[in-house]
Number of protein chains: 2
Amino acid sequence: MRKPSPSSCLPGPPSLAPQLPEPGEAKRGEQGHLGYLLRQASVALRTRMERALADLEVTPPQFVVLTMVGAYPGLSNADLARLSLLKPQTVSVIVGNLKRSGALVSRPHPVHGRIRQLALSETGERSLARCRRRVDALERRLAAGLSAAEEAAVRRWLVSVALESD
Amino acid sequence: MRKPSPSSCLPGPPSLAPQLPEPGEAKRGEQGHLGYLLRQASVALRTRMERALADLEVTPPQFVVLTMVGAYPGLSNADLARLSLLKPQTVSVIVGNLKRSGALVSRPHPVHGRIRQLALSETGERSLARCRRRVDALERRLAAGLSAAEEAAVRRWLVSVALESD
DNA sequence: AACAACATATTCGAGCTCTGATATCATGCG
DNA sequence: CGCATGATATCAGAGCTCGAATATGTTGTT
């Protein structure tokens with residue numbers, strides 16, 4: 001048997017005994033703060049994606065970079081940063097790990113002396129294709145319970161949150 | 001003047017010249033993958049929250065932990081992990097930083113020898129209150145452009161994504 | 001030509017998050 | 001009692017993310 005978690009019976013303030021809510025209840029459910037719900041959903045999806053890609057040795061951020069370089073070969077580090085809403089330093093770490101693992105290659109820009117242009121290697125192409133299938137499977141389940149109108153509303157909201165200016 | 005980004009004129013494969021999409025266009029807009037849009041929105045909100053809380057020396061994850069401990073005093077590290085969908089090690093890092101900064105205090109559980117119960121310190125209470133106001137302001141803008149029905153759909157979807165089982 | 005302004009890349013330090021492994025405590029069973 | 005099981009805490013290592021600072025390259029102005 002399982003004891004009902006020691007902290008469920010608090011000895012401190014009597015009236016504040018924590019009746020811990022289950023996932024989907026109280027602040028964690030549909031009544032919670034929108035920002036909190038957004039973070040929760042994002043954490044859950046990231047976790048699922050990490051598990052789905054774990055045996056391919058690719059992390060979710062790496063998958064995003066691979067996808068972008070696959071779609072726009074010749075991208076620079078700075079281009080990737082703008083495209084992903086991340087900082088150049090962040091992209092630099094991810095790109096570094098992908099170059100070390102052999103999925104990405106870079107060569108200097110023929111005109112501009114400082115820019116390094118990125119492209120997928122052979123193994124990078126294959127890896128991206130394998131990841132793509134796993135992620136697409138997850139993706140399909142995301143829209144499962146939504147009507148067309150609801151999905152449109154969700155998409156519109158997500159874009160508006162992403163683009164809201166400071 | 002600003003040159004239109006060197007990588008916009010690729011010398012490599014001619015037909016693959018990257019016409020980089022603006023934020024809100026192409027895959028980044030409402031036609032993109034739901035998972036990608038969710039990540040983008042989450043990144044954007046996290047960034048805004050980081051900026052809003054920066055001068056209070058509190059990070060978004062720290063704010064989440066402070067809020068939870070404020071709502072349920074006596075929580076343990078493991079309780080927090082379950083509540084936040086994070087791993088105990090992760091929560092341990094955040095709690096460690098909050099204890100070091102003096103916002104959280106912990107005492108051993110009176111019955112169970114290993115559990116450490118958490119509570120807000122005086123400064124923790126004040127800090128949480130200040131953060132609360134900033135975050136509430138951000139929060140209100142999240143639901144700004146949504147009708148009641150749309151907001152309900154968004155909330156329902158976020159919860160379903162967060163709770164979807166593997 | 002010299003300079004200012006800007007973009008790009010990189011380094012450093014900090015915080016967040018995970019997997020995996022280890023140690024301690026509590027409970028239940030032989 | 002002794003041991004297995006499970007919960008808790010913690011350590012080690014890896015990757016992601018940021019702000020700040022530095023160095024280098026490009027462009028436009030003087």
Side-chain angles (χ1 to χ4, degrees), chain A residues 1-8 39 42-55 57-65 75-82 84-101 106 108-118, chain B residues 1-9 39 42-51 53-55 57-65 75-82 84-101 106 108-118:
Chain A
M1 264 305 289
R2 199 191 163 281
K3 198 176 58 170
S5 179
S7 4
S8 292
R39 171 186 165 277
S42 185
V43 166
L45 182 60
R46 171 177 50 76
T47 301
R48 260 176 280 164
M49 218 180 290
E50 274 171 359
R51 289 205 222 289
L53 301 179
D55 61 303
E57 314 267 318
V58 176
T59 67
Q62 288 172 354
F63 170 72
V64 171
V65 166
L75 244 47
S76 72
N77 223 319
D79 291 330
L80 274 174
R82 280 185 288 269
S84 61
L85 302 185
L86 297 175
K87 298 301 169 187
Q89 310 95 300
T90 303
V91 175
S92 179
V93 171
I94 305 171
V95 166
N97 286 331
L98 285 171
K99 276 158 78 172
R100 179 159 51 76
S101 79
S106 75
H109 192 285
V111 175
H112 192 296
R114 197 149 175 76
I115 293 178
R116 315 240 355 139
Q117 291 193 301
L118 297 167
Chain B
M1 265 305 292
R2 200 191 164 279
K3 197 178 62 170
S5 180
S7 2
S8 291
C9 42
R39 171 186 165 278
S42 184
V43 166
L45 181 60
R46 171 176 50 75
T47 301
R48 262 175 278 165
M49 219 180 291
E50 274 171 359
R51 290 204 223 288
L53 300 180
D55 61 303
E57 313 267 317
V58 175
T59 67
Q62 288 172 354
F63 170 72
V64 170
V65 166
L75 245 48
S76 71
N77 222 318
D79 291 329
L80 274 175
R82 281 185 288 269
S84 59
L85 303 184
L86 297 175
K87 299 299 170 188
Q89 305 95 307
T90 302
V91 175
S92 180
V93 172
I94 305 171
V95 166
N97 286 332
L98 285 171
K99 275 157 81 171
R100 180 160 50 79
S101 79
S106 76
H109 193 284
V111 176
H112 192 293
R114 196 150 177 73
I115 294 178
R116 315 243 352 142
Q117 291 191 302
L118 297 167

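Letters A, B, ... are given to chains in the order of the sequence lines, protein chains preceding strands, and every chain is numbered from 1.
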### Message
How many whole angstroms separate atom CZ of R39(B) from atom C1' of dT17(D)?
### Response
11 Å

### Message
What is the separation between atom CD1 on I94(B) and atom P on dT10(D), rounded to the nearest whole Å?
### Response
14 Å

### Task
Mind calculating the distance between CZ (R48(A)) and P (dC18(C)) to the nearest angstrom?
14 Å

### Message
Evaluate E57(B) against S101(B) for side-chain contact (heavy atoms from CB on, under 4.5 Å), listing each step before the verdict.
### Response
CA-CA 9 Å; E57(B) 313 267 317; S101(B) 79; over 6 Å; no

### Query
Just to confirm, is there a sub-4.0 Å distance from OP1 or OP2 of dG15(D) to any side-chain nitrogen or oxygen of R46(A)?
no

### Query
Is any side-chain N or O of R82(A) closer than 4.0 Å to OP1 or OP2 of dT8(C)?
yes

### Query
Between the base of dT19(C) and the side chain of Q89(B), is there a donor-acceptor distance below 3.5 Å?
yes

#### Entry: Any donor-acceptor N/O pair, S92(B) side chain to P88(B) backbone, under 3.5 Å
no

### Query
Rounded to the Å, how far apart are N77(A) CG and dT11(C) P?
12 Å

### Message
Check the phosphate of dG19(D) against R51(B), side-chain N and O only, distance under 4.0 Å to OP1 or OP2. Yes or no?
### Response
yes

### Query
Pick one: which of V95(B), V91(B), V65(B) meets side chain to side chain contact (heavy atoms under 4.5 Å, CB included) with L118(B)?
V95(B)

### Task
Could you state the atom-to-atom distance from CG of L53(B) to C1' of dG19(D) in whole Å?
16 Å

### Residue closer to the 5' end of DNA chain C, P88(A) versus V43(A) (nearest nucleotide)
P88(A)

### Task
Would you kindly compare R116(A) and T59(B) by the position of their nearest DNA chain C nucleotide and give the one closer to the 5′ end?
R116(A)

### Task
Report yes if at least one side-chain N or O of N97(A) is closer than 4.0 Å to OP1 or OP2 of dA14(D); otherwise report no.
no

## Note on the structure
Heavy-atom closest pair (V43(B) atom, L85(A) atom, distance to 0.1 Å) is CG1-O, 3.9 Å

### Nearest listed nucleotide, side chain of T47(A), among dT17(D), dG15(D), dC18(C)
dC18(C)

#### Entry: Trace of the side-chain contact (heavy atoms from CB on, under 4.5 Å) decision for L53(A) with Q62(A)
CA-CA 10 Å; L53(A) 301 179; Q62(A) 288 172 354; over 6 Å; no

## Note on the structure
Which of dT8(D), dT19(C), dA23(D) is nearest the side chain of R114(B)? It is dT8(D)

### Task
For M49(B) and dC18(D), give me the distance from atom CE to atom C1', rounded to whole Å.
16 Å

### Query
Does dA9(D) have OP1 or OP2 sitting under 4.0 Å from an N or O in the side chain of S92(B)?
no

### Query
What is the distance, rounded to the nearest whole Å, between atom CD1 of I115(B) and atom P of dA26(C)?
9 Å

### Task
Round to a whole Å and report the spacing from CG of L86(B) to C1' of dC18(C).
10 Å

